[in-house]
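The model shown is predicted, which means the values in this text are computed figures rather than measured ones. Atoms considered below: every heavy atom in the structure, side chains included; atoms not considered: hydrogens, waters and symmetry mates.
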Amino acid sequence: NALAGRLAAKHLLSLGHRKFGIISGARLTNDRARLRVAGIRAALQESGFDLPEWCVSEQAFSFAGGRAGLA
C-alpha cells in the first residue's frame, strides 16, 4: 500500500501535477489507508512538495464518501 501510494504520486508528478489532495479512508483504524497516504507523502517530500493535513479528507469507502471528500 505504501508503494502504491508512492507510485501514484510519482506518476502524477511526472504528468506535471503540483497541487495534491487525498480522499482516504480512516487512517486511525485502517493500516492500508494509513500506508497509502504515507507513501504519497514520502514521494511528494522527495520531490520537494508538502501535503498539509488539511489536504487529506478521510471518508467512508463509498461513492458517497468520495463525493463528500470532493466537497
Side-chain angles (χ1 to χ4, degrees):
N1 286 288
L3 179 59
R6 182 182 291 271
L7 291 172
K10 285 186 174 199
H11 174 69
L12 293 170
L13 286 163
S14 76
L15 294 174
H17 294 277
R18 297 297 179 256
K19 294 181 181 180
F20 290 84
I22 300 172
I23 302 171
S24 173
R27 292 173 285 164
L28 184 62
T29 57
N30 187 313
D31 63 328
R32 296 170 309 258
R34 187 170 44 253
L35 288 169
R36 285 183 207 122
V37 172
I40 292 167
R41 275 204 162 107
L44 292 177
Q45 288 175 349
E46 288 171 3
S47 297
F49 296 95
D50 186 33
L51 182 70
E53 190 59 34
W54 63 267
C55 290
V56 180
S57 177
E58 292 187 1
Q59 301 293 329
F61 285 117
S62 66
F63 288 114
R67 282 191 294 274
L70 286 173

R27/V56 under side-chain contact (heavy atoms from CB on, under 4.5 Å): CA gap, chis, key distance, verdict | CA-CA 10 Å; R27 292 173 285 164; V56 180; 3.6 Å; yes
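The two residues A68 and Q59 make their nearest non-hydrogen contact at CB-OE1, 3.4 Å. Contact record, G25 with A33: O-CB, 3.8 Å, taken as the closest heavy-atom pair.
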Per-pair distances, 0.1 Å, donor-acceptor, side chain in residues 12-20, under 3.5 Å, sequence neighbours excluded:
unit_1 : atom_1 : unit_2 : atom_2 : d
S14    : OG     : H11    : O      : 2.6
R18    : NH1    : L13    : O      : 3.0

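Of the inter-residue distances, the one linking S24 atom OG with I40 atom CD1 reads 8.0 Å to the nearest 0.5 angstrom.
Sorted by first and then second residue, the side chain to side chain donor-acceptor pair (under 3.5 Å) pairs involving residues 30-42 (not counting sequence neighbours) are N1-R36, R41-E53. Among residues at least two apart or in separate chains, side chain to side chain donor-acceptor pair (under 3.5 Å) pairs with a member in residues 42-51 are R6-E46.
In this structure, L51 is a member of the same hydrophobic cluster as F49, with clusters built from ILVMFWY side-chain heavy atoms closer than 4.5 Å.
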